[in-house]
Amino acid sequence: DPREQTTIGRLEMALETLAPYERLACVSYFLDGVSTDAIASLLGVPRERAIRILEGAAPTIARAVGDNEIPDFSAATDEVEVVAL
């Protein structure tokens, strides 16, 4: 797949492997800068569940963009580091 040659392409491919709710959570958190509290509200789940969703999907996203550091979602409420592509 030619998308493997670029970070954006690898990110697209990684997002395609996630369930729709995981994709929404990751895009909201990493690209839009939405807090974990807001993601929980968006998904209609408790904050702890939103954190587990992000923790489960984050390694897939991190590998796609070549980052080995996974954020601590439990500490993230208002301030989010947005990924710049």
Side-chain angles (χ1 to χ4, degrees):
D1 190 326
R3 295 182 298 170
E4 292 177 357
Q5 303 305 313
T6 67
T7 301
I8 292 173
R10 288 188 301 275
L11 181 58
E12 286 175 358
M13 291 170 59
L15 287 169
E16 289 171 358
T17 68
L18 300 175
Y21 67 93
E22 292 173 317
R23 190 176 314 123
L24 177 60
C26 286
V27 168
S28 297
Y29 186 84
F30 291 110
L31 300 178
D32 297 335
V34 175
S35 71
T36 52
D37 289 331
I39 290 169
S41 178
L42 179 67
L43 296 176
V45 297
R47 181 174 185 269
E48 294 75 24
R49 176 68 179 128
I51 290 169
R52 285 194 307 273
I53 290 167
L54 286 165
E55 287 173 341
T60 299
I61 302 302
R63 281 190 301 274
V65 298
D67 191 354
N68 295 324
E69 196 171 317
I70 305 299
D72 179 5
F73 298 107
S74 62
T77 54
D78 294 328
E79 193 172 316
V80 178
E81 182 180 333
V82 177
V83 175
L85 300 176

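Just so we're clear, the structure is a prediction, and the values are computed from it rather than from any experiment.
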TODO: Starting from the C-alpha separation in whole Å, work towards a yes-or-no answer on side-chain contact (heavy atoms from CB on, under 4.5 Å) for Thr17 and Thr60.
DONE: CA-CA 9 Å; Thr17 68; Thr60 299; 3.7 Å; yes
Open item on the list: Strictly distance-based, threshold 3.5 Å: is any side-chain N or O of Asp1 a donor or acceptor partner for the main-chain N or O of Arg3?
Closed with: yes
Task: Under 3.5 Å donor-acceptor, Arg47 side chain and Ala40 backbone - done: no
- [ ] Measure the CG-CG distance between Leu18 and Leu24 for me, rounded to the nearest 0.5 Å.
- [x] 11.0 Å
TODO: Give a yes or no answer on whether the side chain of Gln5 reaches the backbone of Pro2 with a donor-acceptor pair at less than 3.5 Å.
DONE: no
Task: Minimum-distance pair of heavy atoms, taken over all atoms of Cys26 and Ile61 - done: SG-CG1, 4.0 Å
Task: Residue pair Thr36 / Ala50: nearest heavy atoms and the distance that separates them - done: O-CB, 4.0 Å
TODO: Kindly work out whether a path of hydrophobic side-chain contacts (I/L/V/M/F/W/Y, heavy atoms less than 4.5 Å apart) joins Tyr21 to Leu42.
DONE: yes
TODO: Compare every heavy atom of Ala25 with every heavy atom of Leu54, then report the nearest pair and how far apart it is.
DONE: CD2-O, 3.6 Å
Task: Considering all heavy atoms, the nearest Glu16-Arg23 contact - done: O-NH2, 3.8 Å
